[in-house]
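Working notes, beginning with the structure itself.
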Number of protein chains: 2
Amino acid sequence: MSGTEENQGENKAFTEECHKVLMAVSDALYVIGGKWKLMIIIAMARGNKRFTEIQRQVTGISARVLSSELKELEMNGFIVKKVENGYPVTIEYELLPYSDTLEELVTAMTKWGMQHREKVKAEMSMGKSGKLKV
Amino acid sequence: MSGTEENQGENKAFTEECHKVLMAVSDALYVIGGKWKLMIIIAMARGNKRFTEIQRQVTGISARVLSSELKELEMNGFIVKKVENGYPVTIEYELLPYSDTLEELVTAMTKWGMQHREKVKAEMSMGKSGKLKV
DNA sequence: CTGTATCCTGGATGATACTG
DNA sequence: CAGTATCATCCAGGATACAG
């Protein structure tokens with residue numbers, strides 16, 4: 001994000017490039033934004049495959065919401081639902097290769113979240129006000 | 001009897017690591033999540049400093065929302081509001097160094113959003129259904 | 001266990017009008 | 001230009017109960 005100032009001639013190009021970037025980020029937010037989708041994928045990447053497992057790992061999510069998020073994730077090609085007929089019927093969700101495309105993004109977000117927590121913690125010990133969920 | 005649960009011993013460690021990652025992502029989402037914050041920062045990184053400039057670049061945002069988002073971004077140390085007394089008073093918002101820490105994340109999200117749009121476009125031309133904002 | 005069905009609320013966002 | 005005020009709306013998500 002280097003400063004891009006005064007380019008009268010290039011302004012239009014800048015605006016267009018900016019628009020493309022904004023559209024891309026907007027797209028991404030539309031598909032994987034919200035409180036839960038990335039967290040579900042992360043939990044699944046750690047080996048959680050069963051509905052209840054995922055719900056236990058992703059603290060705070062309700063069954064209703066988890067159910068609907070899983071459906072959206074399936075529709076968008078991130079996961080599959082596998083039903084094994086047996087006693088009892090076993091249902092598992094599995095990540096599809098497309099979910100791997102999120103790896104870089106997830107890594108970046110994890111790193112940022114961790115450093116931000118550290119930063120806020122440091123500020124708090126200096127008396128500034130900051131919000132951190134405990 | 002296939003697939004017994006891998007590492008009984010490491011399971012706890014996995015769960016803990018997973019929890020940390022989830023917490024980090026949750027933190028990040030809390031601060032920069034939502035529809036607008038990243039987009040505002042991106043627009044500002046492209047040189048937009050004035051309220052109206054930003055509003056024009058970030059298509060669809062209302063004055064009320066932009067105003068409130070700018071305040072939150074300022075509170076979280078991403079930007080400053082600068083008021084130049086003169087005729088007329090000039091108000092500009094500037095990115096602070098802390099906003100640079102988002103660069104990697106923004107880059108990753110931009111890349112992903114672009115490739116996702118391509119993917120959906122490709123699928124649509126194959127007759128599958130996918131949603132893409134036009 | 002894996003969900004679905006309801007009901008409900010707060011917060012996020014939109015629309016519009018107005019002010020210094 | 002840079003907002004604020006107000007009102008209306010929508011919907012993600014929570015709580016709970018129930019079902020296959």
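We name chains A, B, ... by the order of the sequence lines, and we start the count at 1 in each one.
- Using a 4.0 Å cut-off between charged side-chain N and carboxylate O, K20(B) and E16(B) make no salt bridge.
- Nucleotide dG3(C) holds its P atom 7 Å from the CG atom of L70(A), rounded to whole Å.
- E17(B) has a carboxylate O that lies under 4.0 Å from a charged side-chain N of R46(A), or vice versa, which qualifies the two as a salt bridge.
- A heavy atom closer than 4.0 Å to some atom of DNA chain C occurs in no member of residues 77-85 of chain B.
- Between Y93(A) and the phosphate of dC1(C), there is no side-chain N or O to OP1/OP2 separation shorter than 4.0 Å.
- Remark: K121(B) engages E118(B) in a salt bridge, criterion side-chain N to carboxylate O under 4.0 Å.
- End-to-end axis angle of the helix from dC1(C)-dG20(D) to dG20(C)-dC1(D), from C1' rotation axes over five pairs per end: 50° (rounded to 10 degrees).
- Crowding of Q115(A) atom CD: a count of heavy atoms from other residues, nucleotides or ligands under 6.0 Å exceeding 12.
- Considering L73(A), L70(A), I91(A) as possible partners of K81(A), the one that fulfils the side-chain contact (heavy atoms from CB on, under 4.5 Å) test is I91(A).
- The number of heavy-atom neighbours closer than 6.0 Å to NZ of K119(A), taken from other residues, nucleotides and ligands shown, is above 12.
- Rounded to whole Å, atom C1' of dG3(C) lies 14 Å from atom CD of E74(A).
- Side-chain contact check for Y30(B) and H116(A): no donor-acceptor pair (N or O, by modelled atom type) lies under 3.5 Å.
- A salt bridge links E69(A) with K37(A): the closest approach of a Lys/Arg side-chain nitrogen to an acidic carboxylate oxygen falls below 4.0 angstrom.
- Here the straight-line distance linking atom CD1 of I40(B) with atom OH of Y93(B) works out to 10.0 Å at 0.5 Å rounding.
- Taking atom CG of N48(A) as the reference point, atom P of dT2(C) lies 12 Å away to the nearest angstrom.
- When distances run from any side-chain atom of T52(B) to the nucleotides dT4(D), dT2(C), dA2(D), the shortest one goes to dA2(D).
- Taking the side chain of R50(B) as heavy atoms from C-beta on, and the options dG3(C), dG3(D), dC1(D), the nearest nucleotide is dC1(D).
- The side chain of S67(B) lies closest to dT4(D) when the candidates are dT4(D), dG3(C), dA2(D).
- When every heavy atom of A63(B) is checked against every heavy atom of Q55(B), the shortest pair comes out as N-NE2, 3.3 Å.
- Atom CD1 of I32(A) and atom P of dA12(D) are 17 Å apart (whole Å).
- Summarising the geometry of L22(B) relative to Q57(A), their closest heavy-atom pair is CD1-O, 3.5 Å, with the distance given to 0.1 Å.
- Following rounding to the nearest Å, E92(B) (CD) and dG3(D) (C1') show an atom-to-atom distance of 16 Å.
- One finds no side-chain N or O of K37(A) lying less than 4.0 angstrom from the OP1 or OP2 phosphate oxygen of dA12(D).
- When atom types are taken as modelled, the side chain of N76(A) and the backbone of E72(A) share a donor-acceptor pair closer than 3.5 angstrom.
- Distance CG (L66(A)) to P (dA5(C)): 16 Å, rounded to an integer number of Å.
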Can you build the contact string for nucleotides 9-20 of chain C? Use B for base contact, S for sugar-phosphate-only contact, and - for no protein heavy atom under 4.0 Å. ----BBB-----
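- Rounded to whole Å, atom P of dG3(D) lies 11 Å from atom CD of Q55(B).
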